[in-house]
Amino acid sequence: MYNTNKYILTNGKDKKMSKELAEILFPEITLTPQDLEKKYPRRNLPEGARVTRFAPSPTGFLHIGGLFAAMISKVWAEKSGGVFYLRIEDTDKKREIENGVKIIIDGLSDFGITFSEGMTGNDTEVGDYGPYLQSKREEIYKTYAKDLVAKGLAYPCFMTEEELEEIRIKQEELKLTPGIYGEFAKCRDLSIDAVKERLNKNLPYVIRLKSGGNIENRIVLDDLIKGEISMPENNLDIVLLKSDGIPTYHFAHAVDDHLMGTTDVIRGDEWISSYPIHYELFKVLGFTMPRYAHISPIMKQDNGGKRKLSKRKDPEAAVSYYHEMGYPKEAVIEYLMTLANSNFEDWRAQNPTADINEFPFELSKMSPSGALFDLVKLTDISKNYISKLNCETLYNMLTSWAKEYDKEFLSLLEKDPQYAKRILNIEREIEKPRKDIAKLSDVKDYISYFYDEIWDGKLDFPENINKEDIINILNTYKDIFNENDDKETWFERIRQMCPPLGFAAMPKEYKKNPGLYKGHVGDVSTVIRVAATGRRNTPDLYEILMILGKEKVTKRLLDAINKL
RNA sequence: GGCCCAUUGGUCAAGUGGUUAAGACACCGCCCUUUCACGGCGGUAACGGGGGUUCGAAUCCCCCAUGGGUCACCA
């Protein structure tokens, strides 16, 4: 078991010295940890309610893995009647970008991930446990740092970058574990006068933890996803406060998640290896530890191997990609849920319309290893989702997407909304709707032949029918097409024109005696289809022709004949 | 290199000592059919390797291999 007692100073003189050191280092800090505990009391939540958070850095890039973690954290908290909040970890000024907070909030809300507490904009927030922007919590971190120094559990370290570098090289040569510990912790036992002297020279310094760990001892992390993980204790004098007075992630994590009452820390598994540090920090600060759930990264197939989805190499690593391509947010979330809990798909099949919060999500059912992101599977889920939309909903979804990403298409859609909706409603709102559309950005091309403005007019006639026959079919059909026909009589007309042109009215007839015919009614339909739409494959031709109308159909048939 | 994690079909994965080793996506075939989809039916395809333990191992143990993560005044 971990023992912090060995560091509680017993010698009265040392005790006094530490207190003095704390005052010298942090004269402006008058608060004590007790004050903060009072200011941020434990949350008053029902038994079993979980508090989770999403705590990204405002780097201007929202990774799909971030969305994944946020979604899981949200579901995990909300299904327990708890709280899900947003904290921004902006302690690295170098990586920060302008408007970074807003980008995160908007990027998540595009997929329905919203917060009940925390940051609400670049400079705005809601909740009783703020500030939720770490850069505004300096006083809080320093209060705990001062307390640690006063207790002899932390100390100022004046080592320069060069010194650090030298040590690293030496450690590498001697094959020692890199880091500041033992004999390498040169400032650990600096006398108070030595500190004062350096302070007077205005030398920069950091505050380091005076680690009491021993790598011979082992600690166990009981991870909610990965199970028990045993690791050596931390023995590194890690940096708590950087020379600019801003905390490192580790220190901020302990202080913030304690004060903000996080019960379950859900984060990427790249953090597992720093768990020993967090463990020591919580002990030394006297905090109770939260539960941890470390999720595996989402990977990508890459020449036979797996690798993490890369911000630089893979456009699909960015959450914005899915928004731009027009994958419905529900589809993306559904897909991510199937990755998180594979029984989600079965549940969804049984409960097609249930709210996602009703799904009995379990962290323990998450895979301990990283899953490959499968765009094909997402496509399938998205196609199914879109196929079930009514045309009104699809139209609205499409126009709001186009408003952002395709103004030309938007004006077409808005020019005649009724026309657009008729198009979108082809083989929709029926029991077995078509599943052609995977994402909103597919639609423009999918329906392009309805709009002369964007239709390329290329006619892809089949090779097995000669030019003369095509012209005959088109000529015959332009006279018999009647836009008032119902579907049966419409097709009956096409059947009837077949025999005179040498085509079988019934495909089965043709199959029985292929030698007697040039083709069958399917071939004739195809010729009409190509003349009207340019394509050999389309949704129901009857509906298409009716929407196009007599005038346009006739014109297209004539144009086609002229082009031949 | 040290520490840590993982490994069931192409992919996501069920499985916790005895199963014909589920299901979904993808793929292939057939049926339906005016094209394409949809739908229906069927099919190909998996326990990384080697040792144990056991009557019996995908399941437990050990070793190896492979893949991944991490070793900052970044998160």
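In what follows, chains carry the letters A, B, and so on, assigned in the order in which the sequence lines appear, proteins first and then strands, with residues in each chain numbered from 1.
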Which letters describe nucleotides 38-43 of chain B, given B = protein heavy atom under 4.0 Å from base, S = only from sugar-phosphate, - = neither? SS----
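Of the nucleotides present, rG40(B) is the one that pairs with rC30(B) by Watson-Crick or G-U wobble criteria, both distances under 3.5 Å. The nucleotide rG1(B) finds its pairing partner in rC71(B), both defining distances of the Watson-Crick or G-U wobble pair being shorter than 3.5 Å. With a 3.5 Å ceiling on both atom-pair distances, rA46(B) lacks any Watson-Crick or G-U wobble partner. Shown here, rU53(B) forms no base pair; nothing in the strands shown gives a Watson-Crick or G-U wobble contact with both key distances under 3.5 Å. Pair assignment for rA6(B): rU66(B), on the basis of Watson-Crick or G-U wobble contacts that are both within less than 3.5 Å.
Residue-nucleotide stacking is present for Phe491(A) and rU34(B), judged by a side-chain ring centre under 5.5 Å from the six-membered base ring centre and planes under 30° apart.
An OP1 or OP2 oxygen of rA75(B) is reached within less than 4.0 angstrom by a side-chain nitrogen or oxygen of Lys242(A). Dashed line: the shortest gap from a side-chain N or O of Lys383(A) to OP1 or OP2 of rC25(B) is not under 4.0 Å. At rA75(B), one or more side-chain N or O atoms of Thr91(A) fall inside 4.0 Å of OP1 or OP2 (strictly under the cut-off). An OP1 or OP2 oxygen of rC4(B) is reached within less than 4.0 angstrom by a side-chain nitrogen or oxygen of Arg218(A).
Ring geometry for Trp271(A) versus His250(A): interplanar angle over 60°, hence perpendicular rather than tilted (30 to 60°). Relative ring orientation between His253(A) and Tyr292(A) is described as perpendicular, the plane-to-plane angle rising above 60° on a 0-90° scale split at 30° and 60°. Classification of the Tyr335(A)-Phe373(A) ring pair by plane angle, with boundaries at 30° and 60°, yields perpendicular.
Listed nucleotides rU34(B), rA13(B), rC25(B) differ in distance to Lys377(A); the shortest reach to its side chain belongs to rC25(B). Comparing rU34(B), rC73(B), rA6(B) against the side chain of Pro368(A) picks out rA6(B) as the nearest. Of the candidate nucleotides rA13(B), rC73(B), rC4(B), rC73(B) has the atom nearest to the side chain of Val206(A). Here the side chain of Ser525(A) is nearest to one of rA75(B), rU33(B), rU34(B), namely rU34(B). The side chain of Pro232(A) sits closest to rC3(B) out of rC3(B), rA26(B), rU35(B). Among the nucleotides rA26(B), rU11(B), rA75(B), the one closest to any side-chain atom of Val376(A) is rA26(B). In the set rC12(B), rA37(B), rU70(B), rA37(B) carries the atom at the smallest distance from any side-chain atom of Glu427(A). Listed nucleotides rA13(B), rU70(B), rA75(B) differ in distance to Asp92(A); the shortest reach to its side chain belongs to rA75(B). Looking at the side chain of Asp540(A), the nearest of the listed nucleotides rU34(B), rU70(B), rA13(B) is rU34(B). With distances taken from any side-chain atom of Arg529(A) to the nucleotides rU35(B), rA26(B), rC73(B), the minimum falls on rU35(B).
Rounded to whole Å, the C1' atom of rG17(B) lies 7 Å from the corresponding atom of rU59(B). rC60(B) and rC3(B) are spaced 24 Å apart, taking the P atom of each and rounding to whole Å. One C1' atom belongs to rA57(B), the other to rG23(B), and the distance between them is 24 Å to the nearest Å. Straight-line distance between the P atoms of rA22(B) and rC47(B): roughly 13 Å, to the nearest whole Å. The gap from the C1' atom of rG48(B) to that of rC55(B) amounts to 27 Å, rounded to the nearest Å. Going from the C1' atom of rC64(B) to that of rG15(B) covers 26 Å, rounded to whole Å. For the C1' atoms, the distance linking rG9(B) with rC4(B) amounts to 29 Å, nearest Å. Nucleotides rG49(B) and rG67(B) have their C1' atoms positioned 15 Å apart, rounded to a whole Å.
With Arg556(A) contributing its side chain and Ala531(A) its backbone, the two residues share no donor-acceptor pair below 3.5 Å. Under a 3.5 Å cut-off, the side chain of Asn234(A) and the backbone N or O of Leu236(A) do form a donor-acceptor pair. Using a distance-only test at 3.5 Å, with no hydrogens or angles considered, a donor-acceptor pair links the side chain of Asp486(A) to the main chain of Thr489(A). Listed for the Lys242(A) side chain is a donor-acceptor partner under 3.5 Å among the backbone atoms of Thr91(A).
Residue Arg535(A) is out of contact with every strand shown, counting any heavy-atom pair closer than 4.0 Å. Counting non-hydrogen atoms under 4.0 angstrom, Pro204(A) reaches nothing in the nucleic acid. Counting non-hydrogen atoms under 4.0 angstrom, Ser367(A) reaches the backbone sugars and phosphates but no base. Residue-level contact check: Ser230(A) touches the backbone only, with heavy atoms under 4.0 Å from sugar-phosphate atoms and none from bases. Thr538(A) comes within 4.0 angstrom of a base, heavy atoms only.
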What's the verdict on side chain to side chain donor-acceptor pair (under 3.5 Å) for Asp346(A) and Asn343(A), showing C-alpha distance, side-chain angles and the deciding distance? CA-CA 5 Å; Asp346(A) 289 336; Asn343(A) 55 326; over 6 Å; no
Quick one: do Arg493(A) and Glu483(A) satisfy salt bridge (charged side-chain N to carboxylate O under 4.0 Å, His left out)? Show the steps, please. CA-CA 12 Å; Arg493(A) 285 185 206 275; Glu483(A) 63 178 343; over 6 Å; no
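The distance from atom OH of Tyr141(A) to atom P of rC73(B) is 18 Å, rounded to the nearest whole Å. Distance CG (Leu372(A)) to C1' (rU7(B)): 13 Å, rounded to an integer number of Å. Distance Trp347(A) CH2 to rG23(B) C1': 18 Å, rounded to the nearest Å. Going from atom CD1 of Ile277(A) over to atom P of rC3(B) covers 17 Å, rounded to whole Å. Rounded to a whole Å, the CE atom of Met231(A) is 18 Å from the P atom of rG69(B). Leu241(A) has its CG atom 19 Å from the P atom of rA72(B), to the nearest Å. The distance between atom CD of Glu228(A) and atom P of rC3(B), rounded to the nearest whole Å, is 20 Å. We find that CD1 of Ile229(A) is positioned 19 Å from P of rG68(B), with the value rounded to whole Å.
Judged by atom type and distance alone, Ser243(A) reaches the base of rC73(B) through a side-chain donor-acceptor pair under 3.5 Å.
A cation-pi arrangement is present between Lys311(A) and Phe61(A) under the rule of less than 6.0 angstrom and at most 45 degrees off the ring axis.
Comparing Trp271(A) and Pro178(A) by the nucleotide of RNA chain B whose heavy atom lies nearest to each, the residue mapping closer to the 5' end is Pro178(A).
Contact of the Trp347(A) side chain with the Pro360(A) side chain is registered, since non-hydrogen atoms from C-beta on lie closer than 4.5 Å.
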